[in-house]
Student: 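I'd like to ask some things about the structure below.
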Amino acid sequence: MPMRNAEIAAAMEELGTLYELDGAVRYRVLAYREAARVIAQSPVSVEDLAVAGRATELPGIGATLQEKIVALVETGEIPSAAKLKQKFPASLVEVTRLPGVGAKTARRLYDELEITSLAELREAAAAERVRGVKGLGEKFEARVIAAIDRLGEEGAPGRVLLSKVLPAAEELAEALRDHPASERVTVAGSARRMTETCKDIDLIATATDPTALATALTAHPLAAQAGTAGESGARIVTFSGISVDLRIVPPDAYGNLLQHFTGSAGHNIELRERAVKAGLSVSEHGITELDGGDVARYASEAEVYGRLGLDYIEPELREGNGEIAAAAAGELPKLVEVDDLRGDLHCHTTLSDGRNSLTEMAAAARGRGYSYLAVTDHSASHGFGDHVTPAALWERIEEVAAYNADSKRRFRLLAGSEVNIATDGSLDYDDDLLEALDWVVASVHTSFRLSGKEMTKRVIAAIENPRVDCVGHLTGRLIGRREPYDIDVEAVAEAAAANRTLVEINGNPNRRDLSERHARLAAEAGVSICVNTDAHGVDTLGNIVYGIATARRAWLTKRDVANTRSWRELLKLRGRQTSLLR
DNA sequence: GCCGTTTTCGGCCCGACTGTTTTCAGTCG
């Protein structure tokens, strides 16, 4: 069983903390944290890279970490970590994860009170023994008890899916914009970067009467709890449990603050490090010249980036993944937009498990300004009583033809199917039926636990089938609920590029599959990507924003995304002949 | 521990908040 990048990253994170407990210099600890971040974000197997001696190609990984990763994947253990665990129990690492408790505090608790775990810490705090430690008092005891108890509760603060966060963020921002005291209000933070999940909502505003605007937030119907509203802003928790931070700032530094609070941390760190080399210090308050001390404040982000010699960087790119170097070189991509799309190539109707009819879906797609919609209900072996028999699909093809026969419409329905890929890579309709379809999406819906080798072979067999136009939700992951199945995305991308088979970014906010990292890898391998919703009703065609968000976070341009083209151009791209071209 | 349009050694982002402190260390984003 290969080791997942997330496991390797967790081991690096743990080792960093063990070193921190051991009193290592700060920068060594930071190096492990940064390495963990880079490993977790790698689109390719870090185990494979390390075994091939190539992990040093990742930024922040040098010879030492390369060697440690090899030891980890080959023996299941890093010698230096094992040694440190003799010195400190591994459960002490958990103590450092408690909010407000870091390695320094955990170490002191261990040295002075022999506390080795969260349970022992809670007991000591309850017995008022912690206040005997220098620098820690009553408030600390109360705080750690509350924090430990919160860990055990249901719905402990975690990351929330963007589709839960974004509507609330926009509703609150809109309400604040409507307030007479407000001037500008922008959603910042990870929601603005359109990450898959968010920890909280950050709102940045300017106002003629800051306290009045802050009070308006605390009084909003979404607020379940509210802190005190002041000149600098307010904080609330929504009924759905999302914390919201409103920061009200002076208008002349709005650009600096918005840039700062949009992040990400990695992006901001890299930005500031680069600025220091140019003799500038960047903070949320302005850009200071290191000699002379002149502070420049900017009302817009574009001016902030401009002062640093950079092109404006779209929020979706601000992850510290090369965007700053690209901005300095004037080589940022022009990112694909929702309005670039001409159609959606994956959706369902009541024929399988959708909630709306063929004509209702068509009307909704036309309403969005699309010029085509591929209707791809599930196939013959789908199960759940939602399968589509060959006879029913032949009938559907006729239905689509009848719809399209009305030539007054500048819109075309595409007769399609989302066909199951069997474990041997075969499909569950006969070739003549597949041949009669305009658009075939092939997806894995069964036997997720195949070995990586078998799963890769299975999907590549479908890719090589000339009747397959596109692979659906390639890795099968459900964000926060189901891990992706084991599959070699690099090998799949290579096969897809060679066969001119498309791979989709599924815009269902639970999936976003391809992930942004896999999508970037696939596009660089020459794969044509399409961005689809997999909508099961007219209401979820709007999920295209999440698919496009992933495409943008993958650095994709309009040219990289196949369904920005007309249906005719798309067919050419596929190298497929159908009745439409005759 | 990493890294190099000053460097293979000597640097390595910035500020706010908190609680415990009489001036600051630790933690966080």
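In the text below, chain A, chain B and the rest are named by the order of the sequence lines, each starting its count at 1.
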Student: If the C1' atom of B:dT20 is compared with that of B:dA25, how far apart are they to the nearest Å?
Tutor: 9 Å
Student: Would you say A:E314 has more than 12 foreign heavy atoms packed within less than 6.0 Å of its CD?
Tutor: yes
Student: One thing to verify: whether A:R517 and A:E319 come together as a salt bridge, which I'm taking to mean a side-chain N less than 4.0 angstrom from a carboxylate O.
Tutor: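 The answer is no: the pair does not qualify as a salt bridge.
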Student: Does CZ belonging to A:R97 count more than 12 external heavy atoms closer than 6.0 Å?
Tutor: yes
Student: Which nucleotide wins on minimum distance to the side chain of A:L65, given the candidates B:dC2, B:dT20, B:dG15?
Tutor: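 When the side chain of A:L65 is considered, B:dC2 is the closest of B:dC2, B:dT20, B:dG15.
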Student: Would you kindly give the CZ-to-C1' distance between A:R235 and B:dC17, to the nearest whole Å?
Tutor: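 These atoms are roughly 10 Å apart.
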Student: C1' atom, B:dG15 versus B:dG10: distance in rounded Å?
Tutor: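 It comes out at 25 Å once rounded to the nearest Å.
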Student: Under 4.0 Å, heavy atoms only, any strand: does A:F261 hit a base, just the sugar-phosphate, or nothing?
Tutor: nothing
Student: Within this structure, what is the CG-to-P distance between A:L257 and B:dG15, rounded to whole angstrom?
Tutor: 12 Å
Student: Is the shortest side-chain N to carboxylate O distance from A:E284 to A:R247 below 4.0 Å?
Tutor: no
Student: Between A:R307 and A:Y298, is NZ or CZ placed under 6.0 angstrom from the six-membered ring centre and within 45° of the ring axis?
Tutor: no
Student: Distance check, C1' atoms only: B:dC14 and B:dC9, in whole angstrom units.
Tutor: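 Pairwise C1' distance, B:dC14 against B:dC9, rounds to 25 Å.
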Student: Please list, pair by pair, any protein nitrogen or oxygen found under 3.5 Å from a nitrogen or oxygen in nucleotides 5-14 of chain B.
Tutor:
from   : atom 1 : to     : atom 2 : distance (Å)
B:dC13 : OP2    : A:E273 : OE2    : 2.9
B:dC13 : O2     : A:R272 : NH1    : 2.1
B:dC14 : OP1    : A:S281 : OG     : 2.9

Student: Taking all non-hydrogen atoms of both residues, which atom of A:G330 and which atom of A:D311 are closest, and how far apart?
Tutor: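 Taking every non-hydrogen atom into account, CA-OD2, 3.2 Å.
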Student: Could you give the distance separating B:dT23 and B:dC28 at their P atoms, to the nearest angstrom?
Tutor: 25 Å
Student: Take atom C1' in B:dG26 and the same atom in B:dT21, then report the distance between them in whole Å.
Tutor: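 To the nearest whole Å, 13 Å.
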Student: Please give, in whole Å, the distance from B:dT21 C1' to A:E138 CD?
Tutor: 15 Å
Student: Please determine whether a side-chain nitrogen of the Lys or Arg among A:R520 and A:E524 lies less than 4.0 Å from a carboxylate oxygen of the Asp or Glu.
Tutor: yes
Student: What's the gap between B:dT8 and B:dC3 when it is taken at their C1' atoms, as a whole Å value?
Tutor: 9 Å
Student: With 3.5 Å as the limit, what N/O pairs link the protein to nucleotides 25-27 of chain B?
Tutor:
from   : atom 1 : to     : atom 2 : distance (Å)
B:dG26 : O3'    : A:T105 : OG1    : 3.3
B:dT27 : OP1    : A:G102 : N      : 2.4
B:dT27 : OP1    : A:G102 : O      : 3.1
B:dT27 : OP1    : A:T105 : N      : 3.2
B:dT27 : OP1    : A:T105 : OG1    : 2.7
B:dT27 : O5'    : A:G102 : N      : 3.4

Student: Go nucleotide by nucleotide along DNA chain B from the 5' end; which of A:Y19 and A:K139 gets its closest nucleotide reached first?
Tutor: A:Y19
Student: Using the C1' atom in both, what is the distance from B:dC13 to B:dT27, to the nearest Å?
Tutor: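 Per the computed distance, 16 Å lies between those C1' atoms.
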Student: Is any side-chain N of the basic residue among A:E516 and A:R193 closer than 4.0 Å to the acidic one's carboxylate O?
Tutor: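 Salt bridge absent between A:E516 and A:R193.
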Student: Expressed as a whole number of Å, how far does the P atom of B:dT5 sit from that of B:dG1?
Tutor: 23 Å
Student: Keeping to residues at least two apart or across chains, list the side-chain hydrogen bond (donor to acceptor under 3.5 Å, both in side chains) pairs with something in residues 118-128 of chain A.
Tutor: A:T116-A:E120, A:R122-A:D149
Student: In plain terms, say whether A:R477 and A:E483 are close enough for a salt bridge, that is, a side-chain N and a carboxylate O under 4.0 Å apart.
Tutor: no
Student: Categorize A:I61 for me: base, sugar-phosphate, or nothing, with a 4.0 angstrom heavy-atom threshold over every strand shown.
Tutor: sugar-phosphate
